Amino acid sequence: MAFCPSCGKALPPNGVCECGYNAAAAQAQNSVKPAAGASGAAGSGAFGEAINAFVGAFKNPATNSQGVFTGKISTSAGFILAGAYCLITWITLMLMFLGKGAIINAGGNSMGMKFLPSFLFGLLGAVVFVIVRFISSILIYVFSKNNAVNIPQIFAAQCVDVVLPACIILVGSFFTFIAIYFAVFFFILYGFIVVYQQIDLIKRLSGNVNSDKLFIRYVIYILCMALILTILYLCYTKVTTAMGNFI
């Protein structure tokens with residue numbers, strides 16, 4: 001029995017899944033070879049796919065990442081977006097450290113860090129964010145129980161999904177120069193969108209699973225992520241505190 005690579009459900013005899021995936025159309029698309037000499041125009045090559053996926057995140061925020069499972073977006077394009085995500089997160093955290101609220105002095109006033117520690121702590125934080133995405137991909141693979149996909153594909157799909165929330169926190173980082181409360185607002189918004197996307201991904205990859213079983217998987221997944229994030233946060237604060245003594 002064949003399964004839909006997009007949502008994991010069993011494909012009917014006509015090869016058309018209720019989620020919109022068409023096996024015949026996908027096979028026809030994969031059989032088309034790019035013309036010789038075709039370069040990185042939008043839609044051709046991993047960079048072109050990454051650009052299209054970036055734009056598509058704003059046009060179709062809920063369904064854009066499905067292209068990874070249907071073959072429309074390659075895993076390589078997802079990894080390119082992972083690099084873009086790391087860069088955006090780096091800039092975001094650096095701006096937040098430079099803005100108000102990174103340090104609270106003895107008088108209770110909030111102030112920003114100097115450039116070098118902001119630069120280094122932002123880079124470290126960006127790497128941690130990407131690691132969290134990869135760990136999350138492993139957990140989604142485990143809890144979805146879908147053998148039709150693999151961890152690199154799920155990670156690539158998450159990197160496609162992260163475009164919109166990453167841009168949201170980038171915008172929020174500029175508000176830290178006014179007050180830290182604005183940054184908190186945008187980070188909360190970012191967090192809720194990310195949780196929704198990851199739970200939706202588990203649901204799509206799980207296929208026809210009982211709602212109660214899905215709920216249990218969601219709860220266990222969130223508990224695992226909360227534990228991992230807490231550990232990483234404690235490690236990050238320990239490292240930044242230790243580094244801060246030498247910068």
Side-chain angles (χ1 to χ4, degrees), residues 79 81-144 151 154-155 158-159 161-162 165-177 179-199 201-202 216-247:
F79 291 163
L81 288 175
Y85 171 57
C86 186
L87 178 62
I88 291 173
T89 309
W90 182 3
I91 295 171
T92 297
L93 294 174
M94 184 172 66
L95 290 173
M96 286 185 172
F97 287 132
L98 287 170
K100 296 180 178 180
I103 301 173
I104 300 177
N105 61 21
N109 299 316
S110 60
M111 54 188 293
M113 290 182 179
K114 294 180 180 179
F115 177 77
L116 182 58
S118 299
F119 181 89
L120 295 176
F121 296 162
L123 176 59
L124 178 62
V127 172
V128 170
F129 268 64
V130 175
I131 291 173
V132 168
R133 282 280 165 176
F134 187 75
I135 294 174
S136 173
S137 301
I138 297 174
L139 291 176
I140 289 173
Y141 176 78
V142 170
F143 289 115
S144 66
I151 294 172
I154 296 174
F155 178 67
Q158 286 216 69
C159 292
D161 273 337
V162 85
C167 290
I168 287 174
I169 58 170
L170 178 61
V171 171
S173 66
F174 289 99
F175 285 91
T176 57
F177 293 94
I180 191 64
Y181 306 108
F182 289 104
V184 172
F185 169 81
F186 281 100
F187 253 107
I188 292 173
L189 180 60
Y190 166 87
F192 275 110
I193 292 175
V194 168
V195 170
Y196 170 82
Q197 288 175 332
Q198 293 179 347
I199 287 180
L201 190 54
I202 294 176
I216 294 171
R217 291 185 190 182
Y218 295 159
V219 172
I220 298 174
Y221 169 78
I222 291 172
L223 287 173
C224 290
M225 285 303 299
L227 177 62
I228 291 166
L229 286 169
T230 302
I231 294 171
L232 288 174
Y233 171 75
L234 292 173
C235 292
Y236 179 78
T237 52
K238 291 288 185 182
V239 171
T240 52
T241 302
M243 288 175 60
N245 295 328
F246 298 97
I247 298 176

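Keep in mind the model is a prediction, meaning the values are calculated, not measured. All heavy atoms count here, side chains included; hydrogens, waters and symmetry mates do not.
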Considering residues at least two apart in sequence or located in another chain, which fulfil the side-chain hydrogen bond (donor to acceptor under 3.5 Å, both in side chains) criterion with Tyr141?
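Once residues adjacent in sequence are excluded, Tyr141 has no partner under the side-chain hydrogen bond (donor to acceptor under 3.5 Å, both in side chains) criterion.
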Check side-chain hydrogen bond (donor to acceptor under 3.5 Å, both in side chains) between Gln197 and all other residues, then give those that pass, not counting sequence neighbours.
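Here no residue qualifies.
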Got a sec, which residues hit ring-ring contact (aromatic ring centres under 6.0 Å, His included) with Phe174, two or more places apart in sequence or on another chain?
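Partners of Phe174 under the ring-ring contact (aromatic ring centres under 6.0 Å, His included) test: none.
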Using the rule ring pair (Phe, Tyr, Trp, His ring centres under 6.0 Å), only one of Phe129, Phe155, Tyr85, Phe79 pairs with Phe134; which is it?
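Of the listed residues Phe129, Phe155, Tyr85, Phe79, the ring pair (Phe, Tyr, Trp, His ring centres under 6.0 Å) partner of Phe134 is Phe155.
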With sequence neighbours left out, write down each residue that passes side-chain contact (heavy atoms from CB on, under 4.5 Å) with [X], or none if nothing qualifies.
{"X": "Val171", "value": "Phe175, Phe186"}
{"X": "Ile140", "value": "Ser136, Ile154, Gln158, Gln198, Leu201, Ile202, Leu205, Tyr221"}
{"X": "Leu227", "value": "Ile231"}

From [atom1] ([X]) to [atom2] ([Y]), nearest 0.5 Å:
{"X": "Leu93", "Y": "Phe119", "atom1": "CG", "atom2": "CZ", "answer": "12.5 Å"}
{"X": "Trp90", "Y": "Leu120", "atom1": "CH2", "atom2": "CG", "answer": "8.5 Å"}
{"X": "Thr230", "Y": "Met225", "atom1": "OG1", "atom2": "CE", "answer": "10.0 Å"}
{"X": "Leu116", "Y": "Met94", "atom1": "CG", "atom2": "CE", "answer": "11.5 Å"}
{"X": "Ile88", "Y": "Ser173", "atom1": "CD1", "atom2": "OG", "answer": "10.5 Å"}
{"X": "Ile135", "Y": "Ile228", "atom1": "CD1", "atom2": "CD1", "answer": "5.0 Å"}

At their closest point, which heavy atom of [X] faces which heavy atom of [Y], and how far apart are they?
{"X": "Val130", "Y": "Ala82", "result": "CG2-O, 4.3 Å"}
{"X": "Phe97", "Y": "Gly122", "result": "CE1-N, 3.8 Å"}
{"X": "Cys159", "Y": "Leu81", "result": "O-CB, 3.9 Å"}

Test item: Leu232 and Tyr236 side chains (from C-beta on) under 4.5 Å apart, heavy atoms
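Heavy-atom side-chain distance check fails, nothing below 4.5 Å.
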Quick one: does Thr89's side chain get under 4.5 Å of Val128's, heavy atoms only?
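With C-beta onward as the side chain, the pair stays apart.
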So, the side chain of Tyr190 versus the backbone of Leu170: is there a donor-acceptor pair under 3.5 Å, distance only?
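Checked: no pair found.
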